[in-house]
Chemist: 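This is the structure I have questions about; it appears just below.
Numbered from 1 within each chain, the chains take letters A, B, ... in sequence-line order.
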There are 2 protein chains.
Amino acid sequence: MGVSERKAREKEELWNLILEGAMKLFAEKGVANVTIRNIADAVEYSVGTVYVYFKDKNAILHALHTKGFLELRDRFLVLLNVENPMERLKAAGKVYIQFAQEQPDMYDLMFNTQAPMDFVKEGDGDVWNEGKATFGFLRTMIQDCQAVGHFEGHDPEALSFLIWSIVHGMCSLRISCRTDVVNLAQPTTQGYAEFLRMLDKF
Amino acid sequence: MGVSERKAREKEELWNLILEGAMKLFAEKGVANVTIRNIADAVEYSVGTVYVYFKDKNAILHALHTKGFLELRDRFLVLLNVENPMERLKAAGKVYIQFAQEQPDMYDLMFNTQAPMDFVKEGDGDVWNEGKATFGFLRTMIQDCQAVGHFEGHDPEALSFLIWSIVHGMCSLRISCRTDVVNLAQPTTQGYAEFLRMLDKF
DNA sequence: ATTAAAAATGAACAATGTTCATTTTTTTTA
DNA sequence: TAAAAAAAATGAACATTGTTCATTTTTAAT
C-alpha cells in the first residue's frame with residue numbers, strides 16, 4: 001500500500017516547508033529576531049505543529065546551519081578547477097571569507113552560535129558532521145600542499161586548525177563589529193591579503 | 001555641604017555592588033543564565049533599583065565587559081619585562097589565549113557578544129574604547145618588531161588585525177566547541193605553537 | 001457508517017526584560 | 001521640631017519568549 005509512503009512524503013514536505021519559512025524569516029530579520037510563532041505564522045500552521053516536526057528551537061537552528069554548510073560546500077566546488085594546491089588553498093580562504101561576508105547571520109549560526117552544537121550533543125551520533133567534513137576538506141588541501149613541498153616540518157592537523165582560525169577570526173571579529181577599531185577600509189580583505197603575503201614564504 | 005558628595009559616593013557604591021553581584025553570578029552560572037531578577041536578589045535590592053542604576057541589561061553587560069578588559073590589561077603588564085619585541089609579541093599571544101581559556105564566558109562577552117557593542121553604539125562617544133586601547137597595544141608591539149627588522153614590507157595595521165584574528169579565531173572556535181572536530185589534545189596551545197613556528201621566518 | 005489512528009491545534013505556563021505609579025526614605029525648609 | 005519637598009526604592013504589571021499537552025479535527029481502516 002502506498003499510503004504510508006505518501007504520508008512519509010507529506011511529512012517531509014511539511015518539514016521542509018517549515019524550514020524554508022524559517023530560512024526566509026531568518027534572512028529577513030536575523031536569527032536573533034525570529035520566533036517560533038513567526039515561523040508558524042509564515043507557513044500558516046500552528047505553533048504546536050512546528051513542535052511536531054521539530055523537537056525544539058535548537059533543532060530548527062541545527063537544520064538551518066546544515067543548509068548553510070550545504071551552500072558553503074557548493075561554493076567550494078569551484079576549487080576543483082584549481083590545479084595548484086597552494087593556489088587552491090588561497091582560493092578556499094577567499095571563498096570562505098566571501099561566504100561569511102554575504103551571509104553573516106548564517107555564518108554566525110554555523111561557527112559561533114551554541115544552539116546547533118547543543119542539538120548535536122543531545123543527539124545520538126554526538127559528532128558535528130558538518131564541521132568534520134569541512135575541516136577534513138581543509139586538512140586534505142594542506143596535505144596536498146605538503147605533498148608538493150610546502151609547509152615543511154609543520155603538523156598538518158595543527159596547521160589546518162591555525163589556518164581555519166585565521167579566516168574564522170577575521171570573519172568573526174568583523175561580524176561582531178569588533179573591527180571598528182581597526183583602521184582598514186576592508187579589514188577581512190586586507191587582513192587576508194596580508195596572510196597571503198605571509199604564505200609566500202612557505 | 002558634603003551631602004551631595006556622600007550621595008554620589010553612595011550611588012557609586014551601589015552601582016558597584018550591583019555590578020559585583022552580577023559578576024559573581026555570571027562566573028557561577030554563565031552569562032546566558034543570569035537574569036536581572038537574579039542580580040537583584042543577589043544584592044538584596046528590587047528589580048526596579050537595578051534599573052535605576054543601569055539603563056538596561058546591555059549596560060550591565062557592557063560594564064562587565066569593561067571589567068574583563070581591566071583584567072586583561074593587568075595580565076599584559078608582565079610583557080613590560082620582555083625586552084625583545086618579537087618575544088614580547090609571542091608572549092602577548094600566550095597571555096591572551098590563557099585569559100580566554102581561564103575565563104571563556106568573559107572572553108565571549110568581550111569579543112563575541114553583541115550586547116556591549118550595542119551599548120557603545122547607543123552612547124555618546126560611539127567608540128569602543130576598550131577594544132581601541134587593546135588593539136593599539138598590539139599595533140605598537142608590531143611596530144616595535146618592525147623597528148628591529150621584522151615583518152619587512154608588511155602593513156602594520158593589516159598585520160595587527162591578522163595576528164589578532166589568529167588568536168581570536170582559535171579562542172573563539174574553542175569556546176564555541178567547534179574544535180571538537182580537530183584531532184588535537186589542546187587545539188589552542190598546539191595551534192599557537194604552529195603559529196610561533198611560522199613566525200620564525202619573519 | 002463506525003471506529004481507530006494520526007495530525008493539527010491553540011490555550012496555558014513559566015520565565016524574561018522592562019516600565020512606572022506608588023511607597024518609603026532622606027533632605028530641606030519654616 | 002514638624003511639615004513639605006526631593007530622592008530613592010519598590011514590586012506589581014506588561015509584552016514576549018520557548019514550550020507543553022489536553023482537545024479537536026482530519027484521515028485511514030474496518
Side-chain angles (χ1 to χ4, degrees), chain A residues 1-19 21-22 25-26 28-65 109 113-119 122, chain B residues 1-19 21-22 25-26 28-65 109 113-119 122:
Chain A
M1 58 183 72
V3 174
S4 62
E5 287 154 11
R6 197 204 65 218
K7 284 258 178 169
R9 206 182 332 124
E10 284 176 353
K11 196 152 186 173
E12 200 187 318
E13 275 169 15
L14 186 44
W15 190 89
N16 277 316
L17 186 69
I18 291 171
L19 199 60
L25 285 174
F26 171 67
E28 283 172 13
K29 317 166 45 171
V31 66
N33 303 322
V34 175
T35 73
I36 305 284
R37 282 174 182 80
N38 283 342
I39 297 169
D41 284 354
V43 295
E44 296 183 308
Y45 276 86
S46 72
V47 175
T49 303
V50 174
Y51 276 90
V52 170
Y53 289 81
F54 291 92
K55 189 179 143 287
D56 53 20
K57 200 178 186 183
N58 282 354
I60 299 177
L61 292 179
H62 178 268
L64 281 171
H65 122 291
L109 183 63
T113 311
Q114 202 61 245
M117 305 312 281
D118 287 348
F119 179 83
E122 285 165 12
Chain B
M1 56 183 68
V3 173
S4 61
E5 286 153 12
R6 197 203 66 218
K7 285 257 177 172
R9 207 182 330 125
E10 284 176 352
K11 197 152 188 174
E12 199 187 320
E13 274 168 16
L14 186 44
W15 190 90
N16 278 316
L17 186 68
I18 292 171
L19 198 61
L25 286 174
F26 172 66
E28 282 172 13
K29 317 168 42 171
V31 66
N33 303 320
V34 175
T35 71
I36 306 283
R37 282 174 182 80
N38 282 343
I39 297 169
D41 283 354
V43 296
E44 295 182 307
Y45 275 87
S46 72
V47 174
T49 302
V50 174
Y51 275 89
V52 170
Y53 288 82
F54 292 91
K55 187 181 146 286
D56 53 19
K57 201 178 185 183
N58 283 354
I60 299 177
L61 292 178
H62 179 268
L64 281 170
H65 123 291
L109 182 65
T113 310
Q114 202 62 246
M117 305 312 280
D118 287 346
F119 178 83
E122 286 164 13

Chemist: Give, ordered by number, those residues of residues 45-61 of chain B having at least one heavy-atom distance below 4.0 Å to an atom of DNA chain C; if nothing qualifies, reply none.
Modeler: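 Those residues are B:V47, B:Y51, B:D56, B:K57.
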Chemist: Sequence neighbours excluded, which residues qualify as salt bridge (Lys or Arg N to Asp or Glu O under 4.0 Å) partners of A:E28?
Modeler: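 Result, salt bridge (Lys or Arg N to Asp or Glu O under 4.0 Å) vs A:E28: none returned.
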Chemist: Would you say the side-chain atoms of B:D56 pair up with the backbone N or O of B:A59, donor to acceptor, closer than 3.5 Å?
Modeler: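 Checked: pair present.
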Chemist: Could you tell me which residues satisfy side-chain contact (heavy atoms from CB on, under 4.5 Å) with B:V52, sequence neighbours excluded, listed by chain and number?
Modeler: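 Scan of B:V52 (side-chain contact (heavy atoms from CB on, under 4.5 Å), adjacent residues dropped) gives none.
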Chemist: Separation of B:E44 atom CD from D:dA9 atom P, in whole Å?
Modeler: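 Rounded to the whole Å, the gap is 14 Å.
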Chemist: What is the distance, to the nearest angstrom, from the CD atom on A:E12 to the P atom on C:dA7?
Modeler: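 Checked: the CD to P distance equals 14 Å.
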Chemist: Please state how far atom CG in A:L17 lies from atom P in C:dA7, giving the value in whole angstrom units.
Modeler: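 The answer, rounded to whole Å, is 16 Å.
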Chemist: How many whole angstroms separate atom CG of A:N33 from atom P of D:dG18?
Modeler: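 My rounded result for the distance is 11 Å.
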Chemist: Expressed in angstrom and rounded to an integer, what is the separation of A:I39 atom CD1 from D:dT17 atom P?
Modeler: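 One finds 11 Å between P of D:dT17 and CD1 of A:I39, rounded.
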Chemist: Rounded to the Å, how far apart are B:I36 CD1 and D:dG11 C1'?
Modeler: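 These atoms are roughly 15 Å apart.
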Chemist: Whole-Å distance between C:dG17 P and B:N38 CG?
Modeler: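 In whole Å, C:dG17 P lies 8 Å from B:N38 CG.
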Chemist: Which residues pass the side chain to side chain donor-acceptor pair (under 3.5 Å) test with B:H65, sequence neighbours left out?
Modeler: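 Only B:W128 meet the side chain to side chain donor-acceptor pair (under 3.5 Å) criterion with B:H65.
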Chemist: Holding to ring pair (Phe, Tyr, Trp, His ring centres under 6.0 Å), I want the full list of residues that pass it with B:F119, two or more places apart in sequence or in another chain.
Modeler: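 So B:F119 forms a ring pair (Phe, Tyr, Trp, His ring centres under 6.0 Å) with B:H62.
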Chemist: The criterion is side chain to side chain donor-acceptor pair (under 3.5 Å); which residues satisfy it with A:K29, sequence neighbours excluded?
Modeler: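 By the side chain to side chain donor-acceptor pair (under 3.5 Å) rule, A:K29 matches no residue at all.
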Chemist: Atom CZ of A:R37 to atom P of D:dT16: distance rounded to whole Å?
Modeler: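 The answer, rounded to whole Å, is 10 Å.
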